[in-house]
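Read through the structure below, which is laid out as structure tokens, and then see the notes.
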2 protein chains.
Amino acid sequence: MDMVDFKEILKTKNLKATHQRLAILETMDSLGHVDIEYLYELLLDKYPTLSKATIYRNLKELIAIDIISEVKIPDMPTNYEINKIPHVHLVCKICNKIEDKIVNTKHLIDEATKEMHYKIETSNISLIGVCPKCLDKQS
Amino acid sequence: MDMVDFKEILKTKNLKATHQRLAILETMDSLGHVDIEYLYELLLDKYPTLSKATIYRNLKELIAIDIISEVKIPDMPTNYEINKIPHVHLVCKICNKIEDKIVNTKHLIDEATKEMHYKIETSNISLIGVCPKCLDKQS
DNA sequence: GTGTCTGCAAATTATTTGCACGTTG
DNA sequence: CAACGTGCAAATAATTTGCAGACAC
């Protein structure tokens, strides 16, 4: 299905496909959203000598070349995700899970820019509440 | 116009109306959005002995009692704002200005939760692009 | 082989905390 | 005057940087 060839992508950006870098991308791809601490923990299993400096450096580089982005949500550590089609984040404040949902935002942007004359290029939308699973547990 | 009585508000929350605390609130109120560094700089003029610890502590307390909130936007330091009617943030990536715009988000939330069965409680929306002033300068 | 990347340690920056003293109500 | 809040310094946490050796191509 979701066979992204990160080696190829890195090559086109003139970055070497090191094990660490690929592992970062693959972990992010499979998890969807990760924060630095958790990413580090996970990768330590596979690369016991992995340095946090490597993670910080790589995340910055990957952001700079537009392969990943920061996901900033109030009261949560910054998360990171692989760039894909623009989408909205559904955030559960009970279990802290983040899900993606593709939504048409044209309507919203039109209304927001009406009389404001901004030229909007990207949008960053998080909807925060309770996910179905946690709703069930509550009742 | 916008005569918010922070002393009153603090009293109802059992917080003392110290000069520092009031100055933080008033500065935030007049600027709309500030980050910690800038807030500290500004207040130093008026309170040369002001400690950053005081700012950190106060921002946390004011968040806890729901008077202010964090505004997190990718590639920007965390900003803080006085809580008001829910709104969208229009962000200029050239001059870094943040403006508020009140927009009806019902449509968006309905579409986003369709088949997702989340119960959304708050939303956090930033629309990022170029403001009218910077658009003018570019052309 | 050569330029890029990594790990490590040290440096810097950001945030939190303890405590003695000052201020608010 | 009794909390509570502040400033300062020290502690902790987060992020960045310099450098020598390792790895990708």
Please tabulate, for side-chain N and O atoms in residues 101-112 of chain B, each donor-acceptor pair with protein atoms closer than 3.5 Å (sequence neighbours left out).
{"from": "B:K101", "atom 1": "NZ", "to": "A:E111", "atom 2": "O", "distance (Å)": "3.2"}
{"from": "B:K101", "atom 1": "NZ", "to": "A:A112", "atom 2": "O", "distance (Å)": "3.4"}
{"from": "B:K101", "atom 1": "NZ", "to": "A:K114", "atom 2": "O", "distance (Å)": "3.0"}
{"from": "B:N104", "atom 1": "OD1", "to": "B:K106", "atom 2": "N", "distance (Å)": "3.0"}
{"from": "B:K106", "atom 1": "NZ", "to": "B:D110", "atom 2": "OD2", "distance (Å)": "2.6"}
{"from": "B:E111", "atom 1": "OE2", "to": "A:N104", "atom 2": "N", "distance (Å)": "3.4"}

How close or far is atom [atom2] of [N] from atom [atom1] of [X], stated in whole angstroms?
| X | N | atom1 | atom2 | value |
| --- | --- | --- | --- | --- |
| A:K13 | C:dG3 | NZ | C1' | 20 Å |
| B:Y56 | D:dG7 | OH | C1' | 16 Å |
| A:L15 | D:dC25 | CG | C1' | 14 Å |
| A:L62 | C:dC5 | CG | C1' | 13 Å |
| B:I55 | C:dA14 | CD1 | C1' | 13 Å |
| B:L44 | D:dG7 | CG | C1' | 12 Å |
| B:E37 | C:dT13 | CD | P | 11 Å |
| B:I65 | D:dC4 | CD1 | P | 14 Å |

Would you mind checking if [Y] and [X] are paired as a salt bridge, meaning a charged N to carboxylate O distance below 4.0 Å?
| X | Y | value |
| --- | --- | --- |
| A:K13 | A:E61 | no |
| A:K52 | A:E37 | yes |
| B:K93 | B:D75 | no |
| B:K60 | B:E70 | no |

Return whichever of B:K11 or B:I36 has its heavy-atom-nearest nucleotide of DNA chain C closer to the 5' end.
B:I36
Protein-nucleotides 6-10 of chain C N/O pairs closer than 3.5 Å?
{"from": "C:dT6", "atom 1": "OP1", "to": "A:T18", "atom 2": "OG1", "distance (Å)": "2.8"}
{"from": "C:dT6", "atom 1": "OP2", "to": "A:N58", "atom 2": "ND2", "distance (Å)": "3.3"}
{"from": "C:dT6", "atom 1": "O3'", "to": "A:Q20", "atom 2": "NE2", "distance (Å)": "2.8"}
{"from": "C:dG7", "atom 1": "OP1", "to": "A:Q20", "atom 2": "NE2", "distance (Å)": "3.3"}
{"from": "C:dG7", "atom 1": "OP2", "to": "A:S51", "atom 2": "N", "distance (Å)": "3.1"}
{"from": "C:dG7", "atom 1": "OP2", "to": "A:T54", "atom 2": "OG1", "distance (Å)": "2.6"}
{"from": "C:dG7", "atom 1": "N7", "to": "A:R57", "atom 2": "NH2", "distance (Å)": "2.9"}
{"from": "C:dG7", "atom 1": "O6", "to": "A:R57", "atom 2": "NH1", "distance (Å)": "3.3"}
{"from": "C:dG7", "atom 1": "O6", "to": "A:R57", "atom 2": "NH2", "distance (Å)": "3.2"}
{"from": "C:dC8", "atom 1": "OP2", "to": "A:T49", "atom 2": "O", "distance (Å)": "3.2"}

Between A:H19 and A:Y47, what is the ring plane arrangement, given parallel below 30°, perpendicular above 60°, and tilted in between?
parallel
Mind checking if A:K7 touches a base, just sugar-phosphate, or nothing, with heavy atoms under 4.0 Å?
nothing
Check every strand shown and say whether B:K60 touches a base, only sugar-phosphate, or nothing at a heavy-atom separation below 4.0 Å.
sugar-phosphate
Would one find more than 12 heavy atoms of other residues, nucleotides or ligands at under 6.0 Å from atom OH of A:Y38?
no
